[in-house]
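What follows is a set of notes on a single structure, which appears directly below.
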Amino acid sequence: MTRLPAPIEPSLFKRSIEQAARARLALPVLLLSAALAMAVNEATYQHTTATLSRGIALTDARLEAARTLQALTELEAAARAYVGTGSDTERARFDQAAQLLPRLQDKALGLVAQVDTEGVLGVAAVRNLIDEHAQRLRAWVDASAAAPGGSAAAGFDDARSRARSASLAQAMDALLTQAGTLQQQARLSLYDAFLLSRFAVHALVLLALLALLMFMRQLRRADLQQAREHERLEGQIRERTGELRDLARHLVSAREDERSHVARELHDEMGGLLTAMKLELARMKRVPALPQAALDRIAGFEKRVNDGIALKRRIVEHLRPSSLDQLGLNAALEMLCTDTAAVAGIVVTTRLQPVALDRDAELSVFRVVQESLTNALKYAHAHTVEVRLEATATHALLSVRDDGRGFDPAAVGAGHHGIAGMRLRIETHGGQLEVRSAEGAGTEITARLPLADASISGPSRVAAG
Amino acid sequence: VNEQLHIVYVSQLAPGHDHSVFGSVCRTARQRNTELGIAGVLLFDGLRFCQWLYGRPAAVTQLMASIAADVRHTDVSVWLQALLPAQDFAPQWRAGFVEHEVLDGFATLQGAATPTLLEGLAALLTQADLEPPLPIPALGLTLGSRVPGAPG
């Protein structure tokens with residue numbers, strides 16, 4: 001029996017973690033943690049993507065804003081040139097710039113709007129300023145076209161136009177700066193998100209690792225517990241088997257004791273009665289002048305009493321085989337077989353080698369042969385029976401084979417308990433009993449018993465000097 | 001210390017008692033004699049008892065006194081009382097039956113010398129129906145040197 005290591009007493013911390021793991025909430029908590037970590041990770045991804053897109057948009061917006069301002073400058077320059085010269089080339093230049101401006105403006109302001117997802121920036125105001133400036137320039141150009149000469153030029157307040165232009169550029173610049181600030185904030189929150197995501201992933205990995213460790217530990221404990229349980233059950237089986245064997249031994253010896261007791265009672269009580277009857281008959285015979293018929297009757301009666309005495313002896317001998325003690329196993333078996341053959345009218349052959357067994361084992365062998373012979377006659381209706389006893393270096397081998405009807409040893413039926421009893425009896429001596437039989441194929445009962453240790457097996461029955 | 005007291009007596013079934021006395025005597029004697037370490041044989045022919053007892057002198061003497069006082073038999077006549085060399089044996093007490101004529105034959109030896117009596121007793125035992133039976137090899141032995149029932 002291998003000794004298992006004593007269970008390691010876990011620390012309070014470990015114990016409480018294990019308790020938590022064993023609780024019903026363990027799985028939901030684990031799943032929730034996983035879902036949370038995934039959500040955080042996904043949100044971070046989304047946030048990152050959006051922030052990166054907005055960063056690109058902001059860069060583009062700056063470029064487009066510069067282009068827009070350049071287009072405005074070009075528009076204003078073209079307007080001045082046209083008003084100054086009235087040249088159609090300049091007018092075409094103005095129209096081209098005016099045509100280009102809305103596209104550039106939409107593009108720039110659209111990009112700014114992308115950065116300003118919450119609409120906090122004054123995009124509309126800048127748009128109005130651009131539109132207003134462009135309209136004034138157009139109005140000035142149109143007025144100059146209608147009335148060529150100085151009046152149109154005079155109608156345009158150059159200082160105010162310059163101021164408008166400057167404030168426009170300023171507003172645009174402010175807009176971009178604000179957008180830059182927004183983007184900067186978004187970038188800062190991105191760091192927070194990264195940090196959160198990092199912690200979430202680390203925590204999830206740690207949690208999963210812990211769960212895995214606990215699972216493995218649990219598996220190991222379960223294995224250990226199973227092994228212990230297995231061992232305990234095996235021990236219990238061994239114990240029970242031992243108890244059963246002891247019980248069987250006890251029953252066998254109790255049965256033999258009871259048989260001896262009955263044999264003695266029968267001998268003493270019935271023997272006393274029959275002996276007294278015999279004496280009475282002997283006295284009766286000596287009564288003078290008895291008629292011959294009476295003497296004949298007395299003789300008949302006496303014969304029956306003698307039959308009764310012989311019957312009593314047979315029964316007593318069957319109950320406790322005294323021949324075993326007097327003559328030894330082989331001679332007792334010979335006698336048993338001869339008697340059985342004579343009484344039942346069958347052929348019983350014997351091939352018996354001397355074997356060294358102790359007294360109880362000899363009695364068991366005798367009983368097995370006795371019961372096998374009874375079975376061969378009673379159930380199998382055999383005509384011939386062969387009884388063999390052989391000795392190997394370590395074991396005595398007994399075989400009783402008949403040519404009777406046979407039976408299916410696997411089926412439970414008449415004689416089943418008898419065979420179980422024989423087997424148990426042989427097993428109490430550390431031997432084995434086997435039954436080989438089939439319907440119509442006869443029966444062979446074999447028993448294999450360890451030989452008695454030479455130091456134990458005393459010649460208990462030998463009385464000769 | 002190395003001697004055993006042997007006693008052989010013959011008695012009659014007391015009037016008013018029948019064969020069932022034998023059974024009841026056996027029932028108590030089988031166990032008691034084994035406990036006292038007393039061996040021997042009780043024979044019954046239907047009317048007479050013949051008992052041979054041997055063992056430690058004190059135990060045998062005490063047992064014999066109580067036997068003599070037993071009212072179930074009368075005419076207790078001790079035929080032999082002798083100290084003989086002890087045998088190494090497991091005490092075995094037997095009981096059984098002999099035919100009336102066979103016991104009559106033994107009765108002719110009353111008053112004979114101890115060896116003759118013991119030889120006659122051995123011959124008597126071979127014709128008795130004993131329980132437990134005598135070990136067969138012991139049957140042919142002279143009682144002076146070997147005692148029936150004493151395993152070698």
Side-chain angles (χ1 to χ4, degrees), chain A residues 256-257 259-286 302 305-328 330-332 334-335 359 363 458-465, chain B residues 12-13 17-31 34 42-50 72 87-90 92-104 128-152:
Chain A
E256 289 297 342
D257 289 350
R259 283 177 163 196
S260 299
H261 179 72
V262 171
R264 251 177 247 138
E265 289 274 305
L266 192 65
H267 173 266
D268 297 349
E269 303 285 352
M270 188 66 87
L273 173 65
L274 290 167
T275 304
M277 280 167 74
K278 227 178 143 180
L279 180 68
E280 287 296 335
L281 288 171
R283 283 167 157 189
M284 208 184 282
K285 277 196 293 192
R286 288 201 293 271
E302 201 169 21
V305 171
N306 284 334
D307 287 349
I309 288 170
L311 178 63
K312 181 219 74 175
R313 276 189 197 149
R314 249 206 331 274
I315 295 172
V316 167
E317 182 62 28
H318 188 85
L319 284 170
R320 55 107 198 86
S322 68
S323 53
L324 201 56
D325 287 330
Q326 293 177 42
L327 309 171
N330 290 14
E334 288 281 6
M335 270 177 67
R359 168 72 176 73
L363 184 56
S460 59
R461 63 178 172 271
V462 178
Chain B
Q12 298 264 338
L13 192 63
H17 288 87
D18 64 9
H19 59 85
S20 62
V21 167
F22 181 80
S24 57
V25 165
C26 289
R27 208 169 298 137
T28 49
R30 283 189 191 282
Q31 193 177 352
T34 306
L42 173 66
L43 293 171
F44 182 58
D45 74 347
L47 186 67
R48 277 176 297 178
F49 298 101
C50 173
R72 291 174 294 185
Q87 319 263 344
D88 191 16
F89 73 104
Q92 181 87 61
W93 187 84
R94 299 176 160 81
F97 312 98
V98 279
E99 298 202 3
H100 189 64
E101 292 82 2
V102 177
L103 194 55
D104 282 345
D129 172 16
L130 296 173
E131 173 62 28
L134 282 177
I136 301 275
L139 289 179
L141 298 173
T142 309
L143 281 167
S145 56
R146 300 295 294 194
V147 178

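These numbers come from the heavy atoms of this one structure, side chains and all, not from hydrogens, waters or symmetry mates. Below, chain A is the first sequence line, B the second, and so on; all start at residue 1.
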Options [options], ranked by heavy-atom pairs under 4.5 Å with chain B, top entry:
options                        : value
A:R313, A:M277, A:E280, A:K312 : A:R313
A:A282, A:A276, A:S260         : A:A276
A:L274, A:I309, A:V316, A:L273 : A:L273

Taking the side chain as every heavy atom from C-beta outward, state whether [X] and [Y] have any pair of such atoms under 4.5 Å apart.
X      : Y      : answer
B:D129 : A:H267 : yes
A:S323 : A:E317 : yes
A:R259 : A:H318 : no

Check your understanding: So, for B:L13 and B:H17, which heavy atoms are closest and what is the spacing to 0.1 Å?
Key -> CD2-O, 3.4 Å
Point to revise | Region of B:V98 in contact with chain A, defined by heavy-atom distances below 4.5 Å | key: backbone
